[in-house]
Amino acid sequence: MEEELKCPVCGSLFREPIILPCSHNVCLPCARTIAVQTPDGEQHLSPPLLLSRGGAAAAPPPDQETAAGAACGGGASANAAGGLGGGAAGGGDHADKLSLYSETDSGYGSYTPSLKSPNGVRVLPMVPAPPGSSAAAARGAACSSLSSSSSSITCPQCHRSASLDHRGLRGFQRNRLLEAIVQRYQQGRGAAPGASAAAAVAVCQLCDRTPPEPAAALCEQCDVLYCAACQLKCHPSRGPFAKHRLVQPPPPPAPAEAAATPPSAAATPSAGSGCKSPGGAGASAARKFPTCPEHEMENYSMYCVSCRSPVCYLCLEEGRHGKHEVKPLGATWKQHKAQLSQALNGVSDKAKEAKEFLVQLKNILQQIQENGLDYEACLVAQCDALVEALTRQKAKLLTKVTKEREHKLKMVWDQINHCTLKLRQSTGLMEYCLEVTKENDPSGFLQISDALIKRVQVSQEQWVKGALEPKVSAEFDLTLDSEPLLQAIHQLDFIQMKCRVPPVPLLQLETCCTRNNSVTLAWRTPPFTHSPVDGYVLELDDGDGGQFREVYVGKETLCTIDGLHFNSTYNARVKAFSAAGVGPYSKTVVLQTSDVAWFTFDPNSGHRDIILSNDNQTATCSSYDDRVVLGTAAFSKGVHYWELHVDRYDNHPDPAFGVARATVAKDMMLGKDDRAWAMYVDNHRSWFMHCNSHTNRTEGGVCKGATVGVLLDLNKHTLTFFINGQQQGPTAFSHMEGVFMPALSLNRNVQVPQPLLATVGWATPCARPPPLPHA
């Protein structure tokens, strides 16, 4: 809250805050320093003209002298009143009439402040003192120039300019509420706003002496303490000050209270204080009820809506608020208080949301720290795994090189040993043959020559082609292609770690349901997840605790599977997938199909000319042509029998009863295409029809009130028809395989009410047909 209690100009806690027309607040001493003359009044009036204008003015308002003193800033505030007094002593009523009127009207102006001065506004220059006047009188004249010339003040926060009227800065209301809040804040904080310690006695607030003289009187209107000398000099008994009430100064605060009392209330005012101090010596007393600044001793009683300020009854009778819209002060106070409370509730809600948001951000900070450590550990583990895998592969490759080297060495050594042995044998044979050729005994030579020639020939044949060539090469035919691996390592980046698999889908149990032998499942992605999802995979078991099978793959989050077994329990689960991979499975949901099959006519599968009524239990047609409508159940196994009652039968039409696939043609008689098996009947005979083939004409027809029965035995894979409880002809169709739905075709001359169905047998479950998902 302290920032709300600081002046935007000086940066300190507010002292004598005033309310600018833009609703911002500023200290009164600071307002004196930022008050400027508008461009039209850039050249100040000469002192003689000030005197003549002051002398020609009418009688001032009661606190006009106070307004003149309030316009001065800094240390000039204490001397301004002295200047007025000096002027009174030397120049008659000049000081009392110096700052009576200004030709400027109050309101907003458009003035661009100078950029060469602090705070973006120009400080009002001092007006030269009239000849023969004192320095204090000169400062008083400067203060009065704020009201006697065209002056304005620029808000330091919104930079909007407001013109000063004849009252100067005193024309702005004093924010006593803010002043009291600042005082309470200072007391609660135990800090002193001004001086370091409270004075033992009340002292004069306008004395130039050090230390100041003790106070002799307190002006209730000016709220300033005067000593005897300053009272005669600064607060004359004539003119507007004659109506001010002077009382004895309040007693000094007790020692125990001195620490909690703002020192500005008892100490000498600083150079920045004005004619009024934030409480003066009477700050320790109870805060006085505010009175009208234009009519002393008159309390506020009404609120001017046009001016947005409290006024007294004299302001309504005599002042400028007479024609303005006014409201009772108390009622307006309560109304504005209620509006503020309501606005505070909204701010409180936003503050609560902001606190929760901060908690969320702090949790995110903690999660970032934890996730960062996890990612670092994951990265180190992945890199270590890569290094370890590379080390293992290195060992394997080195083993291969070693084995290849040993194999080559063995082959070479074997060849060396073999060649050495052969060479030794050949060399010995050669030496023996040479010795034989040296003998001169022909008979002895011929005795062994044949055998010796054969041995030489055999030895020569042993050195066949390739025997003197190395069996292995010195080069290793092993080439390690490491380029793809190096490229993959170089391309390895954190983009791979950002691709997370989708989260676990959440099954919406309130939407999951069963109807007959159909189940409907719904799921959704968990909130606050940012992983993309490309689609979902729905898996269902076989209804007997067997393996799961995919029954749906797509982007939808709602799926209906038809053609399941009656009186069976199915387990279902779903998972999400994306480019990053497949996410984990959801929780398994258990779904129980109906014990007994029942169905009505399906409005979604019927031709547009079919008219359904009685909660889809009665079917009629608006066309003379035959139109098809299907039932809401689908059968794949078991024995099923249902009956249809002919409620209206006119002009001998040919309704058809039977079964069909879900994709049967709806704009022709049932049985004319290859996706329907039917019996069509008139009032005398019936035929079986499939693929537009008419077979087994049988006598006996239908009329109003007749009952047609259909028996679908999927255990025996047959279809049989009945009329009024009697079988109509032989078994109509055999080899019935797949999924079948009850079907009916009729025109506008036939009306069929609710079908009656009974299940007379069951079979073990079989493989399901492809699913029919519905978004």
Side-chain angles (χ1 to χ4, degrees), residues 516-517 596-607 609-623 626-635 638-662 664 666 668-672 675-690 698 700-714 718-729 731-733 736 740-760:
N516 273 342
N517 59 341
V596 177
W598 60 274
F599 67 90
T600 60
F601 296 115
D602 186 4
N604 298 320
S605 66
H607 192 274
D609 294 336
I610 294 293
I611 302 173
L612 300 180
S613 58
N614 192 22
D615 293 333
N616 300 329
Q617 298 177 5
T618 301
T620 57
C621 183
S622 61
S623 172
D626 292 300
R627 303 300 187 218
V628 174
V629 62
L630 302 179
T632 56
F635 308 114
V639 180
H640 309 279
Y641 176 81
W642 62 93
E643 292 183 346
L644 298 103
H645 184 72
V646 180
D647 193 41
R648 180 167 56 83
Y649 188 82
D650 301 330
N651 301 323
H652 310 296
D654 298 327
F657 308 87
V659 296
R661 309 287 191 194
V664 65
K666 311 295 194 316
M668 62 180 67
M669 179 182 288
L670 191 68
K672 285 194 173 184
R675 294 182 293 275
W677 297 257
M679 176 189 72
Y680 73 94
V681 58
D682 58 14
N683 59 334
H684 294 297
R685 61 194 67 84
S686 66
W687 293 265
F688 303 144
M689 185 165 59
H690 174 64
T698 305
V702 297
C703 59
K704 179 179 179 181
T707 300
V708 178
V710 181
L711 175 61
L712 177 64
D713 189 346
L714 293 176
T718 60
L719 180 64
T720 308
F721 296 96
F722 297 82
I723 295 179
N724 295 326
Q726 300 296 323
Q727 182 172 339
Q728 184 72 2
T731 299
F733 302 99
M736 303 291 291
F740 302 95
M741 305 179 72
L744 168 70
S745 68
L746 68 166
N747 58 22
R748 65 182 303 167
N749 296 315
V750 183
Q751 177 173 301
V752 179
Q754 176 182 4
L756 304 176
L757 178 134
T759 300
V760 298

- In terms of the angle between their ring planes, are Y641 and F722 parallel, tilted or perpendicular, with boundaries placed at 30° and 60°? perpendicular

- Under a 4.5 Å cut-off applied to non-hydrogen side-chain atoms, are M668 and V628 in contact? no

- Task: Measure the NZ-CG distance between K704 and D650 for me, rounded to the nearest 0.5 Å.
- Result: 8.0 Å

- Query: What do the steps show when you test F635 against W642 for ring-ring contact (aromatic ring centres under 6.0 Å, His included), and what is the final call?
  - Reply: CA-CA 12 Å; F635 308 114; W642 62 93; 5.8 Å; yes

- Item | Check: F740 and W677 side chains under 4.5 Å, non-hydrogen atoms | yes

- Which atom pair, heavy atoms only, marks the closest approach of G631 to F599? CA-CD1, 3.9 Å

- State, to 0.1 Å, how close D609 and S623 come at their nearest heavy-atom pair, and which atoms those are. OD2-CB, 3.6 Å

- Below 4.5 Å, heavy atoms only, C-beta onward: do P655 and Y649 meet side chain to side chain? yes

- Query: Measuring from D626:CG to L746:CG, what's the distance to the nearest 0.5 Å?
  - Reply: 7.5 Å

- In terms of the angle between their ring planes, are F721 and F733 parallel, tilted or perpendicular, with boundaries placed at 30° and 60°? perpendicular

- Item | Residue pair C621 / R627: nearest heavy atoms and the distance that separates them | SG-CG, 3.7 Å

- Query: Under 4.5 Å between any side-chain heavy atoms of M736 and V659, yes or no?
  - Reply: yes

- Determine the minimum heavy-atom distance between A660 and L670, stating which atoms define it. CB-CD1, 4.2 Å

- Message: Using 0.5 Å steps for rounding, measure from the OG1 atom of T707 to the CG atom of L644.
- Response: 9.0 Å

- Which atom names give the shortest non-hydrogen contact between M689 and G671, and what distance separates them? CG-O, 3.4 Å

- Task: Any chance you could measure C703, atom SG, to R648, atom CZ, to the nearest 0.5 Å?
- Result: 14.5 Å

- Starting at CD of Q728, measure out to CZ of R685 and round the result to the nearest 0.5 Å. 11.5 Å

- Given Q751, which of D647, T620, T618 fulfils the side chain to side chain donor-acceptor pair (under 3.5 Å) condition? D647

- Message: I'd like to know whether K666 forms a side chain to side chain contact (heavy atoms under 4.5 Å, CB included) with I610, so could you lay out the CA-CA distance, the side-chain angles of the two residues, the decisive distance to 0.1 Å, and finally the verdict.
- Response: CA-CA 10 Å; K666 311 295 194 316; I610 294 293; over 6 Å; no

- Exactly one candidate in D654, N724, V681 meets side chain to side chain contact (heavy atoms under 4.5 Å, CB included) with V702; the answer is V681

- Query: Would a 4.5 Å heavy-atom cut-off, applied to side chains only, mark M679 and V708 as touching?
  - Reply: yes

- Search all heavy atoms of A676 against all heavy atoms of H690 and return the closest pair with its distance. O-ND1, 2.6 Å

- Message: Using 0.5 Å steps for rounding, measure from the CG atom of D602 to the OG1 atom of T632.
- Response: 6.5 Å

- Do the non-hydrogen side-chain atoms of Q617 and F601 ever get within less than 4.5 Å of each other? no

